[in-house]
Amino acid sequence: MADLDYKKENMKELHAPDKKVKAGVYVIAVLLVLVYLLPIYVMLNQSFRFMTDLSPRLYLPEKWTLDNYIQAFQNADLWKGMKNSFVYVVEVCILEIVLGGLAAYGLARAGGKISNALRTVNICIMMIPSLSLLVGTYSLMVKFHMINQIWALSLQTAATGMASTMFFYTSFIVSIPKDLDEAASIDGAGIFRTFFKIILPQLKPVTVTRLIMIAVGTWNNFAMPTYLLTDATKATVIQIVRKSFYAVAGAVQNVPLACAMCAVALLPVIVLYILLQKYIIEGQLDSVSK
């Protein structure tokens, strides 16, 4: 009995630090969440204020109003920007998933030193900031008359994100047995049919995860559209929201309206994440296990 009590005491001592560590982790996690949510709270808080409400931004509004959201929904430029952004996001997602997936399929199945070298080069390309390519990209697009074309901006964005898509897909395709490819080949299926009918359906979690990453990044992309889409009719939603934060000459800046426009522009991304949350978590867990 004495030995048993001694072991229990030792077990308590061993588990005590674990509880403290877990508590510390939870505290840090809560603090990080609060830091991330603070800007969203300020934005929503401001969006329900009257323009004349000058109370501190962390305080709740003196009087609540929905006028800012009504004006935001009635803003034709905002809806035009959301339409342009939607087209932009869809084009980039299709290009990256299809072309990046096919390229990753080739790398994963090729094997050998050349394939490994190409995968290393692909990782190195991921480290290059897209803005460092701005001058060359702009000069090239001017030469080929591709400025103010959403499809051209989609090509540029997909090209800069292709390396990351290939990296994600390659790690997963390697784990898929090659026997499936051989069986499909015996049945007369070509490379494209094998990929789209057999390989891609097994990559649903990582595909959805990559889709949400591409969609959010593209929707929030500001730098490249600013330089490559100078026509106001082609502006994305982020460009429209950005302009709303700056007062026109001689006018007073309407911060509550600008915050309401930000909240409206944020809605599609939130809805997309909620709908695909299950697959995103599965993709992240699978990527860790790989």
Side-chain angles (χ1 to χ4, degrees), residues 72-104 106 121-122 125-169 192 195-196 200 207-246 248 258 261-262 264-273 276:
F73 278 106
Q74 292 176 346
N75 191 312
D77 290 338
L78 181 63
W79 290 110
K80 180 66 176 177
M82 293 187 75
K83 178 184 176 182
N84 293 336
S85 290
F86 179 77
V87 173
Y88 177 35
V89 168
V90 170
E91 290 177 350
V92 174
C93 287
I94 292 174
L95 287 171
E96 282 205 37
I97 295 300
V98 174
L99 299 181
L102 285 170
V121 171
N122 185 66
I125 292 174
M126 291 171 56
M127 306 302 170
I128 302 175
S130 59
L131 280 179
S132 64
L133 308 174
L134 177 60
V135 176
T137 301
Y138 184 82
S139 301
L140 188 65
M141 294 183 74
V142 168
K143 182 178 180 180
F144 288 99
H145 307 286
M146 297 168 67
I147 298 296
N148 289 324
Q149 301 293 335
I150 295 179
W151 63 266
L153 177 63
S154 300
L155 284 176
Q156 183 277 330
T157 305
T160 54
M162 198 72 69
S164 298
T165 301
M166 291 171 61
F167 174 78
F168 269 79
Y169 272 128
F192 293 100
F195 175 74
F196 288 108
L200 191 59
T207 298
V208 176
T209 302
R210 187 58 191 156
L211 276 174
I212 193 69
M213 293 172 66
I214 297 170
V216 172
T218 304
W219 186 270
N220 294 330
N221 192 4
F222 174 72
M224 286 300 178
T226 299
Y227 291 103
L228 304 180
L229 296 179
T230 57
D231 187 352
T233 61
K234 302 292 181 65
T236 61
V237 66
I238 298 301
Q239 291 176 284
I240 299 297
V241 169
R242 183 254 183 189
K243 290 179 181 178
S244 69
F245 273 98
Y246 294 89
V248 182
M261 293 177 68
C262 283
V264 174
L266 192 64
L267 279 177
V269 176
I270 295 176
V271 172
L272 181 65
Y273 184 85
L276 303 178

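Values below: every heavy atom of this structure, side chains too, minus hydrogens, waters and symmetry copies.
Of the possible donor and acceptor atoms, one in the side chain of Asn122 sits under 3.5 Å from a partner among the backbone N and O of Ala163. Looking only at distances, a side-chain donor or acceptor of Thr160 sits under 3.5 Å from a matching main-chain atom of Thr157. Within the 3.5 Å criterion, the main-chain N or O of Lys234 finds no donor-acceptor partner in the side chain of Asp231. Side-chain atoms of Glu91 do not come within 3.5 Å of backbone N or O of Tyr88 as any donor-acceptor pair. At distances below 3.5 Å, at least one donor-acceptor pair connects side-chain atoms of Trp219 with backbone N or O atoms of Ala265.
Considering OG1 of Thr207 and CG of Leu200, their distance stands at 5.0 Å, rounded to 0.5 Å. From Met213, atom CE reaches atom CG of Leu211 across 11.0 Å, with rounding to the nearest 0.5 Å. Taken from OG1 in Thr233 to CG in Asp77, the straight-line distance is 10.0 Å, to the nearest 0.5 Å. With rounding to the nearest 0.5 Å, the separation of CG in Leu134 from CD in Gln156 is 8.5 Å.
Between Tyr138 and Ile147, the closest side-chain pair of non-hydrogen atoms falls below 4.5 Å. Side-chain contact between Leu229 and Met224: absent, with no pair of heavy atoms (C-beta onward) separated by less than 4.5 Å. For the pair Val89 and Val216, the minimum side-chain heavy-atom distance is 4.5 Å or more. Side-chain contact check for Leu102 versus Phe192: some heavy-atom pair is nearer than 4.5 Å. Residues Thr230 and Asn148 have side chains in contact (heavy-atom distance under 4.5 Å, counting atoms from C-beta outward). Side chains of Pro225 and Leu153 form a contact here, defined as non-hydrogen atoms less than 4.5 Å apart. Counting heavy atoms from C-beta on, the side chains of Tyr169 and Ile97 come closer than 4.5 Å. By the 4.5 Å heavy-atom criterion applied to side chains, Val264 and Met82 are counted as neighbours.
When all heavy atoms of Cys262 and Val241 are compared, the pair lying nearest together is SG-CG1, 3.2 Å. Counting all heavy atoms, side chain and backbone alike, Ile240 lies closest to Gly81 at CG1-CA, 4.2 Å.
Between Thr165 and Glu96, the side chains place a donor N or O and an acceptor N or O closer than 3.5 Å (distance only, hydrogens not considered). Between the side chains of Thr137 and Tyr227, no donor-acceptor pair is found at a separation under 3.5 Å.
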